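Okay, structure first, notes after.
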Amino acid sequence: MASRRQFLGISAAAAAVIAGGGALWQLGKEDHVELLATEAFDYHFLTLDDRHLLYALVPVYLAGALAGQTAARDRQILVVLHNVDAAIRYLSPAVRSELRDLFDVLTHQLGRALLAGVPDAWTRAEAVRVEAFLARWRSSFLSLQRAGYLGLHQLIHGAWYSEAASWPAIDYPGPPRLGRPGESGA
Amino acid sequence: MKTIQGHIDGSRLEADPQLECDCLIVGTGAGGGVSAEILARAGLRVILLEEGPYRSREDFHMREQEAYPDLYQEAAGRRTSDKAIQILQGKGVGGSTTVNWTSSFRTPEQTLETWTRDFGVQGCSAEELAPWFARMEKRLHISPWTVAPNANNDALARGCRALGWNAKVIPRNVLGCANLGYCGTGCPIDAKQSMLVTTIPAALKAGARLVSRARAERLVIKGDRVTGAQVTLMDDYGQPRARKGIRIRARHTLVAAGAIGSPALLLRSKAPDPHARLGKRTFLHPVAACAGLMPEPVKGYAGAPQSIYSDEFLWPASGAGYKLEVAPVHPVLMATLLTRHGQAHTELMASFSHTQATLALLRDGFHEQSPGGRVRLDPYGYPSLDYPISDYLWDGVRRSLLTMAELLFAAGAARVMPLHLDAEPYRSFRDARRAIGELAMQPLKAQLFSAHVMGGCAMGDDARNAVTDSAGRHHQLESLHIIDGSLFPTSIGANPQLSIYALAGKLATALADDLAGGVQTDLAATHNSPTITG
């Protein structure tokens, strides 16, 4: 087994993550399909397919920023999804229509495979594939793909860093307290 | 939200209140706010229309999450049609004055000379405008900031000092400012002397009425007269309420919806435009930016966001000039501007409190290769701004990135990163200079921003070149004025709010004279109104 790992050019540690962690990852994915289908949140824009897509994208856009523990990370991803949905409610009809097109093309299996280069359904997409997709769109010579990367970037990073839960990691104390009635802590 | 006398919330309105007035003012920003006070105090019956919400200090919690969707156009994500330039523009009562960073400059004399010489503008020389600047400075408590700059601004001062470049203190429109640093999310202590706390309460006290969450859909044009507006009521998310519209009848109409909104309203109204000037020459002060990683904490979120500027590169002998300022650093702002993802993004965010942000705003509209953009309507009737970026402007962007990198290293930065998709954090000016020289200057590669929208309804006495005359009177339509930043024939070359205030003061006073015959213009004697009641 060890020689085969070396043959594939990956370290023993990485192989262990893929072999062991991969199975856990799959298990987590199964859980999140259930989670997304059953959560009680009144989405106005994101369809279930959109949420599966975002569930695959968010931990890659925000790698290193979200909680390590699966249940905590799942809760954080849901908050990001809720905030993304809320933000889109304020956008103009033209921008919402563009986002609808973007989500539709990426959640369609042909778009996912051909444009994103991700062979598996978003519910089973591997993080390395998602990472490669984002890197490719970011450096694309097509301004449309760069715009897609940047649009999702803005929605997802805006959704996370507007949350007080993201602030300790960046050493931001939150807004100053003015001692006003009803004021909440950071 | 507190209630305010004379305010109607369009998101709650059920029946058409059959409103009528002497002057309908569309928009409550710098142009509409100043005009409202002058017209209402002249005894005219004024109605102010505002597409966004009415908010007051109790609503301002210094949270980006709340402020961006509520107080900015398109949730702070407004962009040019090719998405290359992100436009930060206010919405809601007070317009951009409610959320701007308080920088208050008189219009540069070179700009006014250009308007007089090249654009047929009368009455806007530095001498003729001086009393209006003085009056608005007094009214809005504008004076150079006397508190020490925060570390973010101090880095700009330090870098300029080290390089022998000029740097000065920014005049701000504040009274009792606590140096909190949250101007961009609405002042929570009413220190910022925005339209929200000065001219609009004064106008309401003088009998004006304010309808918020109400978008002027189109002007009602009968022959060559404007007789009011058809208005769409908006919901809490800024979306049109189904089948909710009202009609407002007005003897005179004053459009002050900003440089994107005003041309869009006239386009929707199919206003005559025989010389195809409407929506043309829209300017943005395109902004390029650099982030600097400083050895010491910067805490760019704390303290007056802008207090130092440099005009060292504003009027070069050739090429596009630019003004140097800083941008406040708040979590969402920084996270969305750093356009990487994953671990690389997380690592940059870890330096959040040590990050300095310098910006260069390009003075557009002064060169044949800088004709600005064009506002048109999208299929939904909303404004869309085409703004092609010429080689002349790209050259200015590249030079400004070099300037900012040099400045930041001179100020002691350990790393400097130009905001560009292909840029890295560089360790020396030598590395940065080489890299910036090779960066592709393309839309959605170089990251560009705008916080200033100007032009689109240019003034000028020759109807072939302008939408209004030098008094803001529409060239073709009776009973219609435009008084806002859309009148500017070029960009300003400085943060534009005081330019709008002074011009609005002058033009609205003349209009009040016309409409009311005799007018009380002692603005400075007006104190902040006590009409906001619990």
Side-chain angles (χ1 to χ4, degrees), chain A residues 44 57 59-66 83 86-98 127 131 134-135 138-141 143-147 149-164 166-167 169-176 178 180-184 186, chain B residues 58 61-66 68-70 73-79 82-84 86 178 180-182 185 188-189 237-239 297 299 301-302 330-336 338-347 349-354 378-380 382 384 421-422 442-445 447:
Chain A
H44 283 83
L57 298 186
V60 178
Y61 266 110
L62 295 174
L66 299 180
N83 288 351
I88 294 172
R89 290 189 77 178
Y90 290 87
L91 299 178
S92 70
V95 175
R96 276 184 289 147
S97 158
E98 286 170 359
E131 165 61 39
L134 296 185
R138 185 179 185 279
S139 61
S140 173
F141 70 94
S143 65
L144 206 61
Q145 294 194 342
R146 297 201 300 279
Y149 169 86
L150 292 170
L152 291 167
H153 179 286
Q154 191 155 19
L155 281 171
I156 290 169
H157 283 99
W160 174 240
Y161 285 99
S162 66
E163 286 292 320
S166 72
W167 298 343
I170 62 169
D171 190 26
Y172 172 59
L178 303 179
R180 301 197 295 196
E183 189 175 62
S184 62
Chain B
E58 293 75 18
H61 301 123
M62 300 179 280
R63 292 286 303 260
E64 293 175 283
Q65 190 169 49
E66 297 172 11
Y68 293 159
D70 207 35
Q73 299 285 348
E74 301 181 42
R78 176 168 265 187
R79 285 175 179 273
D82 65 358
K83 310 214 180 301
Q86 182 178 354
L180 295 172
Y182 288 79
T185 48
I189 57 171
Y237 296 88
Q239 308 294 345
K299 298 183 181 178
Y301 49 83
H330 291 276
V332 171
L333 211 52
M334 173 156 160
T336 53
L338 294 174
T339 51
R340 336 177 131 221
H341 61 268
Q343 208 62 48
H345 187 273
T346 303
E347 280 164 22
M349 286 304 289
S351 305
F352 171 77
S353 63
H354 285 252
D378 75 10
Y380 304 89
Y382 285 57
S384 179
L421 251 62
D422 299 336
Q442 289 170 14
L444 295 163
K445 281 279 192 184
Q447 292 168 245

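If you're wondering where the values come from, they're calculated on a predicted model, not measured in any experiment. Residue numbers start from 1 in every chain, and the chains themselves are labelled A, B, ... in the order their sequence lines are given, proteins ahead of strands.
Interface remark: of the candidates A:A94, A:G151, A:A87, A:A94 forms the most heavy-atom pairs closer than 4.5 Å to chain B. Taking B:E64, B:K83, B:E347, B:Q442 one by one and counting their heavy-atom pairs under 4.5 Å with chain A, the maximum is reached by B:K83. With respect to chain B, the highest number of heavy-atom pairs below 4.5 Å among A:A135, A:A169, A:P93 belongs to A:P93. Between chain B and the residues A:L134, A:L62, A:N83, A:V95, the most heavy-atom pairs under 4.5 angstrom are made by A:L134.
Residues B:P331 and A:I170 share a closest heavy-atom pair of CB-CD1, 4.0 Å. Minimum interatomic distance between B:T336 and A:G158 (heavy atoms only, all atoms of both residues): CG2-N, 3.8 Å. Taking every heavy atom of both residues into account, B:Y380 and A:S97 meet most closely at OH-CB, 3.5 Å. Annotation for A:P175 and B:M62: closest pair CG-O, 3.2 Å, computed over non-hydrogen atoms. Residues A:A147 and B:L444 come closest through the heavy atom pair CB-CD1, 3.9 Å.
For B:T185, there are no side-chain hydrogen bond (donor to acceptor under 3.5 Å, both in side chains) partners, not counting sequence neighbours.
Between the side chain of B:T346 and the backbone N or O of A:A63, at least one donor-acceptor pair lies under 3.5 Å. Side-chain atoms of A:H157 never come within 3.5 Å of backbone atoms of B:M334 as a donor-acceptor pair (strictly under, hydrogens ignored).
With a 4.5 Å cut-off on non-hydrogen atoms, B:L333 does not touch chain A at all. If you measure heavy-atom distances from B:R78 to chain A, you find no contacts under 4.5 Å at all. Interface residue B:P69: backbone and side-chain heavy atoms are both found under 4.5 Å from chain A. In this structure, chain B has a heavy atom under 4.5 Å from the side chain of A:R146, while its backbone stays farther away. Heavy-atom distances place the side chain of B:Q239, and not its backbone, under 4.5 Å from chain A. Of the atoms belonging to B:H61, heavy atoms from both backbone and side chain fall under 4.5 Å from chain A. Of the two parts of B:P188, the backbone and the side chain both hold a non-hydrogen atom closer than 4.5 Å to a non-hydrogen atom of chain A. Only the side chain of A:L150 comes within less than 4.5 Å of a heavy atom in chain B; its backbone stays farther off. Contacts of B:E66 with chain A are absent, with no heavy-atom separation under 4.5 Å from either backbone or side chain. Residue A:E98 touches chain B through its side chain alone, counting heavy-atom pairs closer than 4.5 Å.
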(request) Could you walk me through whether B:Y237 and A:H44 pass side-chain contact (heavy atoms from CB on, under 4.5 Å), step by step? (result) CA-CA 12 Å; B:Y237 296 88; A:H44 283 83; 5.8 Å; no
(message) side-chain contact (heavy atoms from CB on, under 4.5 Å), that's the test. Do B:Y68 and A:S162 meet it? Break it down for me.
(response) CA-CA 10 Å; B:Y68 293 159; A:S162 66; over 6 Å; no
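Aromatic pair A:Y61/B:H345: ring centres not closer than 6.0 Å.
With rounding to the nearest 0.5 angstrom, the CD atom of B:E74 is 10.5 Å from the CZ atom of A:R96. How far OH of A:Y161 is from CD of B:Q65: 14.5 Å, rounded to the nearest 0.5 Å.
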